[in-house]
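Below: the structure, in structure tokens.
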Amino acid sequence: MRNSCRTYLEGAVRVFRWGEHLLCQDGGFYNDAQSSWRGITVFQAMALYETLEKHGRILEDRERRAMEDRLARAGEWVYKNIVPGYPTNLNYFAAGAALLALLGGKYGKTQYTRQAETLFCLCRQQVGVSGLLCGEGGSIGGQDSRGNRPVDIGYNVDESLPSLLLYSRAMQDTEALEWVERQMENHLLFVLPDGGIDNSFGTRNYKWSYWGSRTTDGCQWGYGLWGTDKPLFLEAAYRNVQLLRQCTRNGLLYGGPDYADHGEDACIHHTFCHAKGLAAVPDYGVESWEAQKLPTEKETGIFYYPEVHTFRVQTGGFLADVTGYGWESGQGGHTMGGTISLLWHPSYGPVVAAGMVEYWLTETADMRAEGRNRIRVVTGLADKEGNVLRAENGRETRIELDYLFERDAVRIKGRVQEKEGLQGRWVLSLPVIRPGGKQFQGELEVRIQAGPLLGKREIFNLSPGFQAQEIQGEIDTEDIKGEWCCLKIL
């Protein structure tokens, strides 16, 4: 064994031994030293299973037996606890289905296999009318008065769908595999041409980095495990790897495209999670394939997703989400109310990408805290019934926005329903992401027509990790209708 490989092996053994500090007597595993959450046990067990199954031969007998013992105890914990009704998100049930199917098949535990089938059926029932996997938002089967369901594209693509793929293969269930394939095709519409994952309206977008969801293993162990039977899936996985590479410096994966340039530190959590997902691909084999055009590179017009009350627009060279999605997932939340949550152009890359409306540590241990280098900014409107203007005197009035997509230009027109009693200055704020790098050669022209230009300032959004220029213009309260601004790619 080469010295570099032995170094990795020794590191893996040390991490495994250290994990004893977070291990409970019943086989469960604490998320971290400051948390009592133990659902994470299913992912700890999955990592142990893959280690033993694919690389157990290089372990010393003592270490291998210790890992097998911990895996057995963790598997039993998952069997007893990850059951329908367990208070968690869909990704845990999907992972539970995969783990129990693998353990049941390997060790002949039919009770594990039966429960794996139950969990898979539970996940299978959580599909919206347009084919999106639902259940990321603390409510399996939940639905609000407008038909919104809890959907998070990042967790679906990076965690739940890969787990359901492993379940289908472990069970050798052809029909289940075909179903998973269809779901992964549906979610390809959110893999952007530059490898970004569009989670601009997701219920858990507080953990959204442009390359995916921060504490998952990435999309490679889902889209990257199909081989040449699905070259489009391989293309999606490859595009995302290229983006991961752009966001990596000195071997560490940064939390977004502009983190390093803005002086933010890298997070080892991002790095080891995605290294784990990438390492799974050669374990299953990689073959060459012909380059493919992703669905997000085609002009398909307008498509509506009822379960997230979001329109996808792919026309005029632009790709955009216009969202009225009203599922609330905690303080800070995602943008809603009819806002453009994502605007992307092939000559410029991302133009607008809405993270949280107000940055808030929804999951304290898994998010970057604000500090002296950061500016808290409002990135989108937050009213599930529609866009709202709120005056200093507390008066509210609703506005209507029209988005006109032309060839290489987007015009935004606004109308205020009632202006009686409106006081103070009304400001249009447009956070425009800086140019996207060497692969994008286009320039962006922004014209504010609602009223006089008030100014520009540099801002940085921790989620999804972009530097932007916030352009502000005053809305003329004497004529608060008509074209407010135009964005044009030159």
Side-chain angles (χ1 to χ4, degrees), residues 84 88-94 97 119-164 179-192 197-208 212-213 216 219 222 295-296 300-314 319-330 333-342 353-357 362 380-387 403:
T88 191
N89 293 301
L90 185 79
N91 60 309
Y92 286 90
F93 297 112
L119 294 177
F120 177 80
C121 289
L122 174 66
C123 294
R124 188 166 182 169
Q125 294 165 6
Q126 312 307 313
V127 177
V129 294
S130 58
L132 298 182
L133 201 57
C134 307
E136 291 294 333
S139 179
I140 299 296
Q143 181 171 304
D144 67 14
S145 60
R146 301 183 67 188
N148 293 166
R149 299 184 64 186
V151 174
D152 189 85
I153 299 299
Y155 266 91
N156 287 354
V157 168
D158 286 358
E159 204 154 88
S160 295
L161 289 172
S163 294
L164 296 173
W179 178 84
V180 172
E181 181 180 353
R182 290 195 298 273
Q183 307 319 307
M184 296 183 80
E185 287 173 346
N186 293 338
H187 286 74
L188 267 182
L189 288 167
F190 299 93
V191 180
L192 301 172
I197 304 296
D198 174 14
N199 198 31
S200 59
F201 54 83
T203 54
R204 303 179 74 184
N205 84 338
Y206 49 83
K207 293 172 73 173
W208 178 37
S213 195
T216 66
C219 70
T296 47
T300 55
I302 299 175
F303 186 81
Y304 177 58
Y305 290 89
E307 59 266 52
V308 290
H309 195 30
T310 296
F311 291 89
R312 163 57 66 81
V313 180
Q314 293 182 210
L319 182 152
D321 295 330
V322 180
T323 187
Y325 186 34
W327 192 275
E328 298 185 46
S329 57
H334 57 79
T335 187
M336 55 183 78
T339 309
I340 291 182
S341 62
L342 182 84
M356 302 178 73
V357 173
T362 308
L381 297 172
D383 184 85
K384 61 176 137 183
E385 301 301 330
N387 288 330
Y403 304 104

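By convention here, the first residue in the shown sequence is residue 1. These figures come from a predicted structure and were not determined experimentally.
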Q: Quick one: which residue pairs count as a salt bridge (Lys or Arg N to Asp or Glu O under 4.0 Å) with a foot in residues 122-132, not counting sequence neighbours?
A: R124-E175
Side chains of [X] and [Y]: closer than 4.5 Å at any heavy-atom pair?
{"X": "T323", "Y": "S200", "result": "no"}
{"X": "Q183", "Y": "V127", "result": "yes"}
{"X": "L90", "Y": "C134", "result": "no"}
{"X": "S130", "Y": "F303", "result": "yes"}
{"X": "V322", "Y": "T339", "result": "no"}

Q | For E307, salt bridge (charged side-chain N to carboxylate O under 4.0 Å, His left out) partners two or more places apart | A | none
Q: Return the set of residues passing side chain to side chain donor-acceptor pair (under 3.5 Å) with E185 (not counting sequence neighbours), or none when no residue passes.
A: K230
Q) Considering residues at least two apart in sequence or located in another chain, which fulfil the side chain to side chain donor-acceptor pair (under 3.5 Å) criterion with N91? A) E159
(Q) I'd like to know if the side chain of D321 and the backbone of R312 have a donor-acceptor N/O pair within less than 3.5 Å. (A) no
Q) Can you check whether C219's main-chain N or O pairs, donor with acceptor, with D158's side chain at less than 3.5 Å? A) yes
Q.
I'd like to check the ring-ring contact (aromatic ring centres under 6.0 Å, His included) partners of F120; sequence neighbours left out, ordered by chain and number.
A. Y167, W179
Q. Listed by chain and number, what are the ring-ring contact (aromatic ring centres under 6.0 Å, His included) partners of F311, not counting sequence neighbours?
A. Y304
Q) Passes ring pair (Phe, Tyr, Trp, His ring centres under 6.0 Å), F190 versus Y305? Steps please. A) CA-CA 12 Å; F190 299 93; Y305 290 89; 5.4 Å; yes
Q | Partner residues of D152 under the side chain to side chain contact (heavy atoms under 4.5 Å, CB included) criterion, sequence neighbours left out | A | E136, Y155, N199, T203, R204
